[in-house]
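None of these values were measured; they are calculated from a predicted model. Heads up: numbering here begins at 1 and tracks the sequence.
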Amino acid sequence: MPSYTAPVKDLQFVLHDLLKVSEQDIPGFADLDADFTGAVLEEAGKVASEVLAPLNVVGDTEGCVLENGIVRTPKGFKEAFQQLKDGGWTSMDCDEAHGGQGLPYVMHTAAQELLVSANMALQMYPGLTHGAYSAIREHGSEDQKAMYLPKLASCEWTGTMNLTEPHCGTDLGLMRTKAEPQDDGSYAVTGQKIFISAGEHDMSDNIIHLVLAKIPGGPEGIKGVSLFIVPKFLVNEDGSLGARNGVAVGNIEEKMGIHGNSTCVMNYDGAKGYLIGEMHKGMRAMFVMMNEARLGVGLQGYAQAEAAYQNAVAYANDRLQGRAVTGDENPDGPADPLIVHPDIRRNLMDQKSFIEGARAFTYWGAYLIDRAHKNKDDDADGLISLMTPVIKGFQTDKGFEYAVAAQQVYGGHGYIEEWGMSQFARDARIAMIYEGANGVQALDLVGRKLAQDGGKHVMAFFEMVKTFIKENEGNEALKADFLDPLKAASKDLQAAGMYFMQNGMKSPNNALAGSYDFMHMMGHVCLGLMWARMGKAAMEALEAGASDTAFYETKIATGRYYMARQLPATAMHLARINTGAETVMALEAANF
C-alpha cells in the first residue's frame, strides 16, 4: 500500500526562504515565524500520514454507497472527518467570530496540501465547505452569516456547490432549475443538478447546498441566474434543525477516481431556498466559491503528483533491475536499483522539479489572496485573477502527467491495483475537468484575463520578471543557470501575447487556437520565476552558513534541471501559436 510523508521542510522553505512570510506587511503574517508554522505543519503532517493516508485506498476500493436516500461513506471516513473537525483543520483561516482561528490563507493552503496529498477524496468534503463559507461570508446577509458561518467553519454542517445540469455544464445560461418566489420571502427551488461533489453523506448534521437557479421573468441566459442557500434540513430561528427540505440524492455517479467522495445527482422538488446577494447576480456570488475552488484544484494537481512521486522514489531505490552503464553500483546484489538509470532519473527529476515549482507558485498565489483581502490591494487582486486559470489549468494537466510518470517507474507493477499507483492517476484526472475544464481555463486566460483592466496585470507580471532579472544580473552564479533561461522564456511569452494582439482582433480563432499553448507557456514562465527566486534563496542560505547544505544544494540542482529541461518548452508552444488557426480549423465537421 502506498505511503505518504509530509515534506514539511520543503513547505517551510517556500514560506520562509522564498516568501519570507513573517516579514510581510500583511495583518497576521508577523505571527508566522518558522517555529509556529513548523509546529502547525508537523501536526498537520501527522494527521495526513497517520489518519488520512491509510484511508486513501479504503475510499478507493469501498467507495460510497447509496442506501434508502442516505449515502454511506467508506469505513473510517466519518471518524477521520471528526478528527479534522476536532483538530481545527477545517477552520484555520475562518474568522474568529465564527469559531475559526483567523490564520492567513497561505497557512491554510500549506496545511491543505498535506491533507490533500494524503487523501484527496476525503479532503474534498471540508474543501467544498470552505468554499461555501467564503461565498456566504462575502455575499450573504447578516442573518445568513450568523446562521450558517459558524456551523460551516466547524464543519458541523458541510457545503456544496450546485451548478451543472444534465444538458449544461460550462454554458450555465442554459440551466433550467427554477426558483419561484414565495410569500414568506423564500423561494421554491425545482430542478436537477449533476456531478455534485459531497452532495449527500453521513458525516455532518446538515448539508448546505449553494444552488444556481433562475427566477421566472428574469433576463435570458447567464444574466438571469441567481444563487440560493438550500439546506438539506431547514434551520429554525434558534439554529436547531427542522424538517427535511425538498432535496434528495437521485444517484451516485460511478467514476474513474475519487471514489471516497460522493458525487451525486441532486433532485430539487420545491425545496425551500434563500437568495444570496442580489437577484440575477448569482454568478458574482458563486465565483467567490469557484475561484477559491480553482486554486484548491490547482493544488490538488501537484499534491497528487507529490504523493505518487514519493512512492516512485521509494520503489526506484528498492527495485533491482539491470546494471548501471558506468559500472555496478550494487556489486553484492544481483542487479542495481532502478534509480541508477538515467531515464529513471529523468522521469523523477521531471516530477520533482514540477512539484516543487508548483508548490511555490500556489503559495505565492495564496499570498496574493491574503494581500488582496487583508491589505485591500487591488494590484494583488488583479494579479491573482490573472494567475487563477494558470494555477488551475497548467498544474492539473502537469499533475496528472506526473502521477502517470510516477506509475511508469513501477513498470508492470504500476498497472496492478495491489501497488496503489493507479489511484493517484485516476484521482488526479478529475482535477483537469471539474471547476471549469482546462480548455475553458485557457479561453478565460486569453479571452478575458489578458485584457483585464487594459492589460494592466499581465504587463505587471512581465515587469516583475524583468525587474527580478535586472536586479540580479550581477549574480554570476544565478545568471547562466536561472536568469538567462527565464529571460528567454519570458520573451517567448511576450511574443505570443503580441501575436494575439496583432492577429486576434481580425481573426479571433487565431487567438483561441493558441490559448491552450499560451496557458502552458505562462505556467512554465511562472514556475521559471519561482525557481529563479528559489535558486537565489537557496544560494543565500548557503552563503549565510546554513547547516543543512545538502538540502539547499538539492534545491539549486532541482531548479537548474527545471530551467534547462522544462522551461525551453515555451519555444515549442510559441511555434504552435504562431501557426494560427488555419491548420486547427481546416477540416469540416463531417471530416473528423
> Looking at Asp378, Asp381, Asp25, Asp379, which one forms a salt bridge (charged side-chain N to carboxylate O under 4.0 Å, His left out) with Arg371?
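Among Asp378, Asp381, Asp25, Asp379, the one that satisfies the salt bridge (charged side-chain N to carboxylate O under 4.0 Å, His left out) with Arg371 is Asp25.
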> Please say whether the positively charged group of Arg533, taken as NZ for Lys or CZ for Arg, lies over the ring of Trp364, i.e. under 6.0 angstrom from the six-membered ring centre and within 45 degrees of the axis.
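Here Arg533 passes the 6.0 Å and 45° test against Trp364.
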> Working note: Lys555 + Asp10, criterion salt bridge (charged side-chain N to carboxylate O under 4.0 Å, His left out); need CA distance, chi angles, decisive distance, verdict.
CA-CA 9 Å; Lys555 284 289 176 202; Asp10 290 296; 2.7 Å; yes
> What are the two closest non-hydrogen atoms of Ala111 and Leu41, and how far apart are they?
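Minimum heavy-atom contact is N-CD2, 3.9 Å.
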> Could you give me the CA-CA distance, side-chain angles and deciding distance for Thr160 and Asn162, then say whether side-chain hydrogen bond (donor to acceptor under 3.5 Å, both in side chains) is met?
CA-CA 7 Å; Thr160 70; Asn162 286 238; 2.9 Å; yes
> Enter the distance from Trp89:CH2 to Leu84:CG here, rounded to the nearest 0.5 Å.
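Those atoms lie 9.0 Å apart.
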> For a quick test of reading the model, state the closest non-hydrogen atom pair linking His130 to Cys94 and the distance between them.
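Minimum heavy-atom contact is CD2-SG, 4.3 Å.
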> As a quick check of understanding, evaluate side-chain hydrogen bond (donor to acceptor under 3.5 Å, both in side chains) for Gln566 and Ser353, giving each step before the final call.
CA-CA 9 Å; Gln566 303 238 52; Ser353 63; 3.1 Å; yes
> NZ of Lys85: more than 12 outside heavy atoms within 6.0 angstrom?
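Counting other residues, nucleotides and ligands, NZ of Lys85 exceeds 12 neighbours.
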> Could you please spell out the steps behind the side-chain hydrogen bond (donor to acceptor under 3.5 Å, both in side chains) verdict for Glu471 and Thr467?
CA-CA 6 Å; Glu471 288 177 348; Thr467 299; 5.7 Å; no
> Could you check whether any side-chain N or O of Asn291 sits under 3.5 Å from a backbone N or O of Thr388, counting only pairs where one atom can act as donor and the other as acceptor?
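Answer holds: no.
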> Could you walk me through whether Asp350 and Arg565 pass salt bridge (charged side-chain N to carboxylate O under 4.0 Å, His left out), step by step?
CA-CA 8 Å; Asp350 279 348; Arg565 298 281 303 219; 5.7 Å; no
> Rounded to the nearest 0.5 Å, what's the gap from CD on Glu306 to NZ on Lys352? Could you check?
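Between Glu306 CD and Lys352 NZ, I get 8.5 Å after rounding to 0.5 Å.
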> Say whether, by atom type as modelled, one donor and one acceptor occur between the side chain of Gln423 and the main chain of Asn56 under 3.5 angstrom.
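The answer is yes, because a donor-acceptor pair under 3.5 Å joins these two groups.
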> So, does Gln24 use its side chain to make a donor-acceptor pair with the main chain of Leu19 at under 3.5 Å?
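At least one qualifying donor-acceptor pair exists.
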> Given the rule in the salt bridge (charged side-chain N to carboxylate O under 4.0 Å, His left out) test, do Lys470 and Glu473 qualify, once you have shown the distances and angles that lead to the verdict?
CA-CA 5 Å; Lys470 187 174 182 180; Glu473 279 182 330; over 6 Å; no
> Please test Glu476 against Lys479 for salt bridge (charged side-chain N to carboxylate O under 4.0 Å, His left out), starting from the C-alpha separation and ending with a verdict.
CA-CA 5 Å; Glu476 291 301 322; Lys479 187 177 187 303; over 6 Å; no
> Is it the case that Thr396 and Gln300 place a side-chain donor and acceptor less than 3.5 Å from each other?
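No, no side-chain donor-acceptor pair sits under 3.5 Å.
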> Can you sort out the partners of Thr109 under side-chain contact (heavy atoms from CB on, under 4.5 Å), two or more places apart, ordered by chain and number?
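Partners of Thr109 by the side-chain contact (heavy atoms from CB on, under 4.5 Å) criterion, ordered by chain and then number, come out as Tyr105, Leu299, Thr362, Tyr363, Ala366.
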> Should Leu115 and Gln112 be marked as a side chain to side chain contact (heavy atoms under 4.5 Å, CB included) after you check the CA-CA gap, both sets of side-chain angles, and the distance that decides it?
CA-CA 5 Å; Leu115 305 177; Gln112 286 299 299; 4.0 Å; yes
> When you look at NZ of Lys9, are more than 12 heavy atoms from neighbouring residues, nucleotides or ligands closer to it than 6.0 Å?
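Yes, enclosed.
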> What is the minimum heavy-atom distance between Ala360 and Val14, and which atoms define it?
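That closest heavy-atom pairing would be CA-CG1, 3.9 Å.
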> One pair to check against side chain to side chain contact (heavy atoms under 4.5 Å, CB included): Tyr367 and Ile26. What are the steps and the verdict?
CA-CA 9 Å; Tyr367 156 84; Ile26 302 174; 3.5 Å; yes
> Please test Leu103 against His108 for side chain to side chain contact (heavy atoms under 4.5 Å, CB included), starting from the C-alpha separation and ending with a verdict.
CA-CA 7 Å; Leu103 290 173; His108 163 83; over 6 Å; no
> Answer yes if the side chains of Asn206 and Lys151 hold a donor-acceptor pair under 3.5 Å, and no otherwise.
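Their side chains do not contain a donor-acceptor pair, so the 3.5 Å distance test is not met.
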> Once rounded to the nearest 0.5 Å, what's the spacing between atom CG of Leu445 and atom CG of Leu450?
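Nearest 0.5 Å value for the CG-CG distance: 5.0 Å.
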> Atom CD of Glu553 and atom OG1 of Thr558: how far apart are they, to the nearest 0.5 Å?
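Result: 11.5 Å between the selected atoms.
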> Any sub-3.5 Å donor-acceptor pair from Asp453's side-chain atoms to Lys456's backbone N or O?
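A pair under 3.5 Å: no.
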> Angle between ring planes, His201 versus Tyr125, binned at 30° and 60°: parallel, tilted or perpendicular?
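Rings of His201 and Tyr125: perpendicular, over 60°.
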> Counting only N and O atoms by type, is there a donor-acceptor contact under 3.5 Å from the side chain of Gln395 to the main-chain atoms of Gly298?
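Yes.
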> Within a radius of less than 6.0 Å around NZ of Lys145, do more than 12 heavy atoms belonging to other residues, nucleotides or ligands occur?
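Enclosed.
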> Can you name the one residue among Asp484, Leu529, Leu486 that meets side-chain contact (heavy atoms from CB on, under 4.5 Å) with Ile469?
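When side-chain contact (heavy atoms from CB on, under 4.5 Å) is applied between Ile469 and each of Asp484, Leu529, Leu486, only Leu486 qualifies.
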> Nearest heavy-atom pair of Thr158 and Ser204: which atoms, and what distance?
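Heavy atoms of Thr158 and Ser204 come nearest at OG1-OG, 3.0 Å.
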> Taking atom CE of Met464 as the centre, report whether more than 12 heavy atoms of other residues, nucleotides or ligands fall under 6.0 Å from it.
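Enclosed: over 12 neighbouring heavy atoms sit under 6.0 Å from CE of Met464.
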> First locate atom CD of Gln144, then atom CD1 of Ile276, and finally report the distance between them rounded to the nearest 0.5 Å.
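Separation between the atoms: 6.0 Å.
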> So, are Glu435 and Lys392 salt-bridged, with charged N and O less than 4.0 Å apart?
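No, no charged N to carboxylate O under 4.0 Å.
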> Is there a donor-acceptor contact under 3.5 Å from the side chain of Lys449 to the main chain of Ser385?
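Confirmed, Lys449 side chain pairs with Ser385 backbone.
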> Checking the side chain of Asn311 only, and the main-chain atoms of Ser3 only, is there a donor and an acceptor separated by less than 3.5 Å?
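Side chain of Asn311 to backbone of Ser3, a donor-acceptor pair under 3.5 Å: yes, one is there.
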> Can you tell me how far OG of Ser547 sits from OH of Tyr552, rounded to the nearest 0.5 angstrom?
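With rounding to 0.5 Å, OH (Tyr552) is 8.0 Å from OG (Ser547).
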> Below 30° counts as parallel, above 60° as perpendicular, anything between as tilted: where do the rings of His524 and Phe394 land?
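Because their plane-to-plane angle is over 60°, the rings of His524 and Phe394 count as perpendicular.
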> Can you list the steps and then say if Glu113 with Tyr302 is a side-chain hydrogen bond (donor to acceptor under 3.5 Å, both in side chains)?
CA-CA 9 Å; Glu113 178 195 325; Tyr302 82 81; 2.9 Å; yes
> Got a list of side-chain donor-acceptor pairs under 3.5 Å for residues 27-35, not counting sequence neighbours?
unit_1: Asp33; atom_1: OD1; unit_2: Asp35; atom_2: N; d: 3.0
unit_1: Asp33; atom_1: OD1; unit_2: Phe36; atom_2: N; d: 2.8

> Is there a donor-acceptor pair closer than 3.5 Å between any side-chain N or O of Trp531 and the backbone N or O of Glu356?
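A pair under 3.5 Å: no.
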> Side chain to side chain contact (heavy atoms under 4.5 Å, CB included) between Lys46 and Glu43: does it pass, once the steps are laid out?
CA-CA 5 Å; Lys46 289 179 183 177; Glu43 198 59 36; 4.1 Å; yes
> Answer yes or no: is there a donor N or O on one side and an acceptor on the other, between the side chain of Asp205 and the main chain of Trp157, under 3.5 Å?
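Pair absent, no side-chain N/O of Asp205 close to backbone of Trp157.
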> With the side chain counted from C-beta on, respond yes when Tyr148 and Tyr133 share a heavy-atom pair under 4.5 Å apart, and no when they do not.
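Tyr148 does not reach Tyr133 side chain to side chain.
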> Sub-3.5 Å donor-acceptor pair from the side chain of Tyr4 to the main-chain atoms of Glu50, do we have one?
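Not confirmed, Tyr4 side chain does not pair with Glu50 backbone.
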